[in-house]
Amino acid sequence: MRTAGIDLAGAATLQEKQFAFDKALKILIRPRNQSDRTSFRKISRWLVESCRAGSFDENIIFRRVIDFALEASGPESRNPAAVFTSILKKELGYMS
């Protein structure tokens, strides 16, 4: 994803991918309150931990989750952050 200077493919380390992901997520789904910001941090931490544990391929999962964020931020979505979390729970088994 190359939007607003964000390049997930150009990130070499897991930490760089996490940083780029965090930035992209906040652009796609603007956090409306502290709860949204906390939720995004937890999701990011969960993705990194899951990659380290071998559950996800770090070269694929961040892009896939950004695609979920794009889906959740559609014009018909009243609460994109909640829709995003719901998609993660359904598709990836995320437990908040």
Side-chain angles (χ1 to χ4, degrees):
M1 173 178 180
R2 284 191 79 104
T3 306
I6 299 165
D7 184 10
L8 291 175
T13 67
L14 185 56
Q15 288 74 27
E16 289 173 352
K17 289 175 183 155
Q18 180 184 18
F19 180 75
F21 168 79
D22 290 342
K23 194 172 181 180
L25 183 57
K26 289 176 186 170
I27 289 170
L28 292 171
I29 303 174
R30 291 185 53 118
R32 297 191 306 185
N33 51 42
Q34 186 61 40
S35 177
D36 287 350
R37 287 185 286 279
T38 300
S39 177
F40 290 171
R41 275 194 312 274
K42 287 181 178 180
I43 289 167
S44 180
R45 193 175 317 127
W46 174 73
L47 287 170
V48 169
E49 290 171 1
S50 296
C51 288
R52 286 187 179 141
S55 299
F56 299 127
D57 179 344
E58 68 184 67
N59 296 312
I60 298 170
I61 194 64
F62 289 102
R63 179 64 179 132
R64 183 170 180 207
V65 174
I66 286 296
D67 287 342
F68 294 152
L70 281 167
E71 180 182 340
S73 64
E76 68 283 346
S77 180
R78 291 177 146 189
N79 187 346
V83 172
F84 175 63
T85 303
S86 177
I87 292 170
L88 288 179
K89 288 178 179 180
K90 185 176 98 179
E91 297 292 328
L92 301 177
Y94 174 68
M95 303 293 274
S96 53

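Nothing here was measured: the structure is a model prediction, and the numbers come from that model.
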Roughly how far apart are Arg64 CZ and Leu47 CG, rounded to 0.5 Å?
-> 11.0 Å

Would you find a donor on one side and an acceptor on the other, under 3.5 Å apart, between the side chain of Ser73 and the backbone of Leu70?
-> yes

Knowing that exactly one of Asp22, Leu88, Val48 qualifies, which makes a side chain to side chain contact (heavy atoms under 4.5 Å, CB included) with Ile43?
-> Leu88

If you measure from OG on Ser44 to CZ on Phe19, what distance do you get to the nearest 0.5 Å?
-> 11.0 Å

If every non-hydrogen atom of Ile29 is compared with every non-hydrogen atom of Phe84, which pair is closest and at what distance?
-> CD1-CB, 3.6 Å

When you look at Phe68 and Val83, which way does the side-chain contact (heavy atoms from CB on, under 4.5 Å) test go after all the steps?
-> CA-CA 9 Å; Phe68 294 152; Val83 172; over 6 Å; no

Could you pull out the closest heavy-atom pair between Ala69 and Leu28, with the gap in Å?
-> CB-CD1, 4.0 Å

List the atom of Phe62, the atom of Cys51, and the distance in Å for their closest heavy-atom pair.
-> CE1-SG, 4.2 Å

Nearest 0.5 Å, what's the CD1-CD distance between Ile87 and Glu71?
-> 4.0 Å

Residues Phe40, Phe21; criterion side-chain contact (heavy atoms from CB on, under 4.5 Å); working and verdict = CA-CA 10 Å; Phe40 290 171; Phe21 168 79; over 6 Å; no

Starting from the C-alpha separation in whole Å, work towards a yes-or-no answer on side-chain contact (heavy atoms from CB on, under 4.5 Å) for Arg52 and Glu58.
-> CA-CA 9 Å; Arg52 286 187 179 141; Glu58 68 184 67; over 6 Å; no

Give, for atom CG of Asp57 and atom OG of Ser50, the distance between the pair rounded to the nearest 0.5 Å.
-> 12.5 Å

Which pairs with one or both residues in residues 29-46 pass salt bridge (charged side-chain N to carboxylate O under 4.0 Å, His left out), sequence neighbours excluded?
-> none

Going through the distances and angles, do Lys89 and Ser96 end up as a side-chain contact (heavy atoms from CB on, under 4.5 Å)?
-> CA-CA 8 Å; Lys89 288 178 179 180; Ser96 53; 3.6 Å; yes

Less than 4.5 Å apart, any side-chain heavy atom of Gln18 and any of Thr13?
-> no

Are the side chain of Glu16 and the backbone of Ala12 linked by a donor-acceptor contact shorter than 3.5 Å?
-> yes

